[in-house]
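The structure appears right after this line, and notes come after that.
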Number of protein chains: 2
Amino acid sequence: MAYAEQFIDKLRKSGLRPTKQRIKICEVLFDTDKTFHFTIKELVKIIENQANIKVSLATVYNTIHAFIKKGYLKEIPLNASQSYYDTNVTHHHHFFDEEENRLIDIHQDDVDEVNIKKTIPGKKIKSVEVIAKIVSDNQSQK
Amino acid sequence: MAYAEQFIDKLRKSGLRPTKQRIKICEVLFDTDKTFHFTIKELVKIIENQANIKVSLATVYNTIHAFIKKGYLKEIPLNASQSYYDTNVTHHHHFFDEEENRLIDIHQDDVDEVNIKKTIPGKKIKSVEVIAKIVSDNQSQK
DNA sequence: TAATACATTATATTTATTCTAAACTGTTGA
DNA sequence: TCAACAGTTTAGAATAAATATAATGTATTA
Ligand SMILES: [Mn+2]
Ligand SMILES: [Mn+2]
Ligand SMILES: [Zn+2]
Ligand SMILES: [Zn+2]
């Protein structure tokens, strides 16, 4: 399936018609081998730089939300001021680089199954996520 | 050390004079056996209900931030719209009840050490946090 | 007391996010 | 062919958490 068709498919399955604004958003988000993490502000900037079309904020937010609802994107609230979004929707974990404000994926296979001994009556665990904050390793202490 | 003195001590160490507004905030946050999680909105409501004094939002935010900076509180951004704060500043993990929007502590001892195989060159891990989302366990499937 | 430093507050500002309403576009069926 | 309709885009307004401001109040010090 060609890229454009994949995007059209994703949009249709999210209940959205494939318009040129939405396909542009898909190109930025999904037309790459790598998954990645972004803020809305960053996404808008990428679109503006790449495209000859302009996409309004409302359309960006609406499309992102439709994709989240459908499971094509995940929201990651790391920060009080601004959400991060993740095109990797598999179950995985993250490093968060506090100096560069950057999220880095950790494959599920790279973390041993997290074993939680505590339980809450009447509740079951739906998902488990690990966030490891990282900083520069100045090995100055001999 | 009596409670009031503890609060005065915490405030002084945070670089704040012990005023009656700030001591009231301390009473709500620290005058209990249990640690707990709260939003600013919830905190303000508790103060209003308990106290005969009124504390402005600016004073609440300023005091909370001074405590975070000093390490007496932790901020937990779980939610894009509003931060949660935690009076438990030990290294620990959380359940997040998605139905009741409630954080529940998981003791560090209740989670086996999280072993991350991946490393990032030049970076070291500063902290590791686990968030397990929980939902009602409707054991309807026989 | 007078001078000074620090606090509190109401209010304004900022900014991410959501909402609104009007203009626009593509599709459908007579 | 084209009018009706459903859905889309957009600018701008509204919302709300968080932060900043600046005037007033209070405590400490000399
Ligand atoms: Mn935190
Ligand atoms: Mn906000
Ligand atoms: Zn990721
Ligand atoms: Zn906690």
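We name chains A, B, ... by the order of the sequence lines, and we start the count at 1 in each one.
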Between [X] ([atom1]) and [N] ([atom2]), how many Å, whole number?
X: A:Ile64; N: C:dT18; atom1: CD1; atom2: P; value: 12 Å
X: A:Leu43; N: C:dT17; atom1: CG; atom2: C1'; value: 15 Å
X: B:Tyr84; N: D:dA17; atom1: OH; atom2: P; value: 12 Å
X: A:Asn79; N: D:dA18; atom1: CG; atom2: P; value: 11 Å
X: B:Ile8; N: D:dT28; atom1: CD1; atom2: P; value: 11 Å
X: A:Lys54; N: C:dC24; atom1: NZ; atom2: P; value: 15 Å
X: B:Leu11; N: C:dT8; atom1: CG; atom2: P; value: 9 Å
X: B:Leu57; N: D:dA18; atom1: CG; atom2: P; value: 10 Å

Among the candidates [options], find the nucleotide nearest to the side-chain atoms of [X].
X: A:Ala58; options: D:dT10, D:dT9, D:dA20; value: D:dT10
X: A:His65; options: C:dT18, C:dA10, C:dT17; value: C:dT18
X: B:Gln21; options: C:dT9, D:dA18, D:dT10; value: C:dT9
X: A:Lys41; options: C:dT8, C:dA16, D:dA27; value: C:dA16
X: A:Tyr85; options: D:dA18, C:dT17, C:dA10; value: C:dT17

Query raised in the report: Relative to the ring of B:His91, is the ring of B:His93 parallel (under 30°), tilted (30 to 60°) or perpendicular (over 60°)?
Result: perpendicular
Query - A:Thr59 side-chain N/O to D:dT10 phosphate OP1/OP2 under 4.0 Å - result: yes
Query raised in the report: For D:dA18, does OP1 or OP2 lie under 4.0 Å from any side-chain N or O of B:Gln82?
Result: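 For B:Gln82, the contact criterion (side-chain N or O under 4.0 Å from OP1 or OP2 of D:dA18) is not met.
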Query - Least distance between heavy atoms, A:Val60 atom then A:Ile25 atom - result: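 In terms of heavy atoms, the two residues are closest at CA-CD1, 4.0 Å.
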Report task. Compare every heavy atom of A:Asn88 with every heavy atom of A:Lys74, then report the nearest pair and how far apart it is. Result -> CE-O, 3.4 Å
Requested in this report: Report yes if some heavy atom in the side chain of A:Gln21 is under 4.5 Å from a heavy atom in the side chain of A:Thr63; otherwise report no.
Outcome: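 A side-chain contact is absent here, since even the closest heavy-atom pair is not under 4.5 Å.
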Query raised in the report: Between A:Arg17 and B:Tyr61, which has a closest nucleotide on DNA chain D that is more 5'?
Result: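 That would be A:Arg17.
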Query raised in the report: Heavy atoms under 4.0 Å, any strand shown: does B:Leu16 hit a base, just sugar-phosphate, or nothing?
Result: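 Result for B:Leu16 = sugar-phosphate.
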Query - A:Lys118 charged N/C atom sitting above B:Phe95 aromatic ring, 6.0 Å / 45° - result: no
